[in-house]
> 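Let me begin by handing over the structure; questions about it come next.
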Amino acid sequence: MKSATWLLLSVLWLSCTTESRPRPPATLFVSVEMHSAWVRNFNPLFAGAGSRWPTRAGVYECMEIYTPSTGKWVPWLATGHTWSEDRRTLRFTLREGVRWSDGRPFHAEDVAFTFQLMKRHAALDGGGIWRFIEDVRAEDSHTVAFHFSRVYIPGFAELAHQPIVPRHVWEKVADPVTFTNPEPVATGPFTEVRVFRNQVYELGKNPHYWQPGKPAVDALRFLAFPTNDQANLALVEGDVDWAGNFVPAVDRTFVSKDPEHHARWFPLFGSTVFLYPNTKRAPFDDVRVRKALSMGVDRERLVDIAMYGYTRPADSTALNDSYTRWRDEEAANGTWVRHDVKEAARLLDEAGLKPGPDGLRRGPDGLPLKLDIEVVGGWSDWVRAGQVLARDLRKLGLDAHLKTYEFGAWQARLQKGEFQLSIAWSLDGPTPYTFYKWLISSHTVRPLGEVAASNWHRFGDPEADALLTRFETEVSPEEQKALMAAVQRRFSELAPAIPLFPNPSWGESNSKRFTGFPTAQNPYARLSPHAEPDSLLVLTELAPRKP
Amino acid sequence: MRYVLRRLGFYLLAAWASLTLNFVIPRLAPGDPASAMFARFEGRIQPEAMAAMRAAFGFTEAPLHVQYVTYLRHLFAGDLGLSYAYYPSRVSEVIGTGLIWTVGLAGCAVVFSFALGSMLGVLAAWNRGGWLDTVVAPALAFLGAFPYFWLAMLALYLFGFGLGWFPLRHAYSHDLEPALSFAFATDVARHAVLPAASIVVATMGGWMLSMRNTMVATLGTDTLRLAHAKGLPPRQVMLRYAARNALLPNVTGFGMALGFVLSGSLLTEIVFSYPGTGYLLILAVRNQDYPLMQGLFLVITLAVLAANFAVDLLCLWLDPRTRAHA
């Protein structure tokens, strides 16, 4: 008994006196993924995989990088591209002097091989590129040509953003889908797995990197944090240099702790959050009802309460700030996203949903309308948003209630169209094409009961289809803009879904040890490490602070 | 011996039943893993990928009984398949990342809590009305009644964040190479103090109270009176006569507690970022990762059964009556 006590005390004493060692000056501590333990996986090809960050943009690289913060394409493994006259062939010119991390030269054959691999293994073709290309060929060591099966300009982004793998390694891989690629050979700035343990991994810089003198950072280190709370604690304590976490009251809890070095930049480049009405079900098939629901919502209060004021109310184009140059003023001025309870009530009356003696609005069957707003139980921002929404809708005489589900159940109901109203995100791309395709194109409408990847509200408009189809073949920027403006006006007129607010892209930096983080004044990329592939620009731009 | 064989047979049957439930229950859940995984990306990957993911995961439309046979066959071959949430990593590899830490931390904590709690219970009953009995026992029961999460957070905040005595997270310092060295061992111990202590504090009261109560009952029996009358040393009476008899219910409870080590340390792992298997279980459920779920359940089930079998044998040794009936 006595010796046990003594042992315990000595362990405690040792525990308290162990000194913590200083951190290596050129090692960048990053917090991106939430995990309790790391699993070794550096497969860049299978998009659904839990591959470790930054496998897809940092270990491996793509040909060109789109930066939503500037609206520009940055040449990367390719120095440029040209379309053929008939827009059926796209040629990329590849950069000279690029080498793989094992020293072998980067070749156009590597690019062609990567895309052929995606043809042989459909699971790797996350962007569905083999639905619009016919063939890909290396024409010489630095030219690769894609032959399209139809004119499809938006396909460029999918091709340009594809991580490229070395042929000489991957041709020996039996099944590239289930290959965990423990020792990556790649062109990116960080390719050497120096440490891999369950609670930490470290990637060292690529000795053969093609940008001379870069990366200035020697290594990236990732500690496992199972929850946001733990990651935020580490960020506030200065244990993390770069993070992409949601931090509540960030200015007070993080920035004010060291205003000189602690910074956050939450630009509204994230996907727009919608209240989706199931338009295949009454009364949401009536545009007046959808607009009335939208007008009943006090979005100013909603963003204050649900999002800590980090964002703004959505306008009637629903576009986030990365599409500012596409925004059409006329479409953005739609009144149906403004808070106007009187007009909302008038629209509901007009749609035949009149209040009964108890004040509750009734459907055509004479029964009070019961509306369920579905959200995921643990997602506190959306739960708060749903509570505000339900209260606002009750003021219109609608018997609205928030219903929370476990994530799996929620998304199954959403994807199969088994809901009335549901809060969910939307899809983005370099142009608003993808965004609107999944909001309003009838080609993306699936029958009720069938799983839909998006367009959960199941709304299609033939006129918008025609505009989007013309957009697919249009290369002139002016024409593209005009077509997209017409799509926006269509969206604003039909209100297929109710936009609430654009999501911020969460990014925090601690410049005590490193410089070069993007900011609102120097927006060369988004600050969020989640923002692939432009996060690659940040990785090559950061440098340790001179002592 | 026949008794032991009969118990063994029972455990085999129980193992089969739980394996079967293990197969059935996840398949009753709504949704499917590919769409769950797709949804996790919140629009950051193109919808076209969904069909591709289904293909990659090899979702079979095979009838349930065929899937069941495949499941059992793979299980006996030790092949737990590929995890969906950590695709394409093997389930065995994923579970391997945390198993040793969970077993180490929670296992030691449970053993420690049981040993210390039972010992205090014996002493409390022996000196009935003493300070152990009137102060420590109710205080521990009080602490045990707190929600564990809150207790752990409080410990982390006070001793980790506030006083800075202990590290805030992980099982060892991230800049330390795991090795069989004194430095590494003390580092691990230092990281384990807060999480282990929080488990011990939260559970010790239960062991102490149940031990005390059984012990009090045992002390009143004729056997004990006889032992006293024979003039045996009090220490021997307390430990060999009273405690040994009173230990039985606690030993049974201990078997159960050991089995729940693997799943039960989930909250500890979340609060202290301890790299264990508890968190994997939540992740597996959230992502409808059947192979990982089944792998974890398998490990937990076998652990519970093994622990109970061990406890059966222990009871056999502690209590001659079980032998008489066998």
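Numbers restart at 1 for each chain; the letters A, B, ... are given by sequence-line order, proteins then strands.
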> Once the angle between the rings of F274(A) and F435(A) is folded into 0 to 90°, is it parallel (under 30°), tilted (30 to 60°) or perpendicular (over 60°)?
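Tilted, since the angle between the ring planes falls between 30° and 60°.
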> Mind ranking L124(A), V200(A), L223(A), T227(A) by heavy-atom pairs under 4.5 Å with chain B and telling me who comes out on top?
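If we count pairs closer than 4.5 Å to chain B, L223(A) comes out on top.
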> Do D175(B) and R23(A) sit within salt-bridge range, that is, some charged N less than 4.0 Å from a carboxylate O?
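Here D175(B) does not pair with R23(A) in a salt bridge, since their nearest N and O are not under 4.0 Å apart.
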> Please determine, among A183(B), A171(B), G276(B), A185(B), the option with the most heavy-atom pairs under 4.5 Å with chain A.
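That would be A171(B).
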> Given heavy-atom pairs under 4.5 angstrom as the criterion, report whether the side chain, backbone, both or neither of D175(A) touches chain B.
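Answer is neither: D175(A) stays 4.5 Å or more from chain B.
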> Using heavy-atom distances under 4.5 Å, tell me whether L414(A) contacts chain B through its side chain, its backbone, both, or neither.
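Neither the backbone nor the side chain of L414(A) comes within 4.5 Å of chain B.
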> Suppose the criterion is side-chain hydrogen bond (donor to acceptor under 3.5 Å, both in side chains): which pairs have a residue in residues 108-119 of chain B, not counting sequence neighbours?
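Every side-chain hydrogen bond (donor to acceptor under 3.5 Å, both in side chains) pair that includes a residue of residues 108-119 of chain B, provided the two are not neighbours, is S113(B)-T203(B), S113(B)-W207(B), S118(B)-N250(B).
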> With a cut-off of 6.0 Å (strictly less than), are more than 12 heavy atoms of other residues, nucleotides or ligands near CZ of R120(A)?
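Yes, enclosed.
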> Sort out for me which of H191(B), E93(B), E177(B) touches chain A most, counting heavy-atom pairs under 4.5 Å.
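The answer is E177(B).
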> Counting only heavy atoms closer than 4.5 Å, note whether A424(A) contacts chain B via side chain, backbone, both or neither.
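It is neither, since no heavy atom gets under 4.5 Å.
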> In terms of heavy-atom proximity below 4.5 Å to chain B, should E532(A) be classed as side chain, backbone, both, or neither?
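E532(A) has no heavy atom closer than 4.5 Å to chain B.
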> Of the backbone (N, CA, C, O) and the side chain (C-beta and beyond), which part of E237(A) lies under 4.5 Å from a heavy atom of chain B, both, or neither?
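For E237(A), side-chain heavy atoms alone lie under 4.5 Å from chain B.
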> Do the ring planes of H35(A) and Y86(B) sit parallel (below 30°), tilted (30 to 60°) or perpendicular (above 60°)?
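Plane angle between 30° and 60°, so tilted.
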> Check whether H121(A) gets within reach of chain B through its side chain, its backbone, both or neither, counting any heavy atom under 4.5 Å.
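Neither part, no heavy atoms under 4.5 Å.
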> If I measure from the heavy atoms of chain A, does L168(B) come under 4.5 Å with its side chain, its backbone, both, or neither?
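Answer is both: backbone and side chain atoms of L168(B) are under 4.5 Å from chain A.
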> Does the side chain of N41(A) come under 3.5 Å of the side chain of S89(B) through a donor N or O and an acceptor N or O?
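The answer is no; no qualifying pair exists.
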> Sort L156(B) into side chain, backbone, both or neither according to what part of it lies under 4.5 angstrom from a heavy atom of chain A.
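Only the side chain of L156(B) comes within 4.5 Å of chain A.
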> Could you tell me which portion of R221(A) (side chain, backbone, both or neither) has an atom closer than 4.5 angstrom to a non-hydrogen atom of chain B?
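R221(A) touches chain B through side-chain heavy atoms alone.
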> Mind telling me whether Y201(A) and F196(A) have parallel, tilted or perpendicular rings, with 30° and 60° as the class edges?
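It falls in the parallel class, under 30°.
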> How are the rings of W101(B) and Y172(B) set to each other: parallel, tilted or perpendicular (split at 30° and 60°)?
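The arrangement is tilted - the two ring planes meet at 30° to 60°.
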> Should M211(B) and V122(B) count as side-chain neighbours, where that means a heavy-atom distance under 4.5 Å?
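Yes, side chains in contact.
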> What part of L283(B) is in contact with chain A, defined as an atom under 4.5 angstrom from a non-hydrogen atom: side chain, backbone, both or neither?
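Just its side chain gets close to chain A.
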> What part of Y405(A) gets closer than 4.5 Å to chain B, counting heavy atoms only: side chain, backbone, both or neither?
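It is neither, since no heavy atom gets under 4.5 Å.
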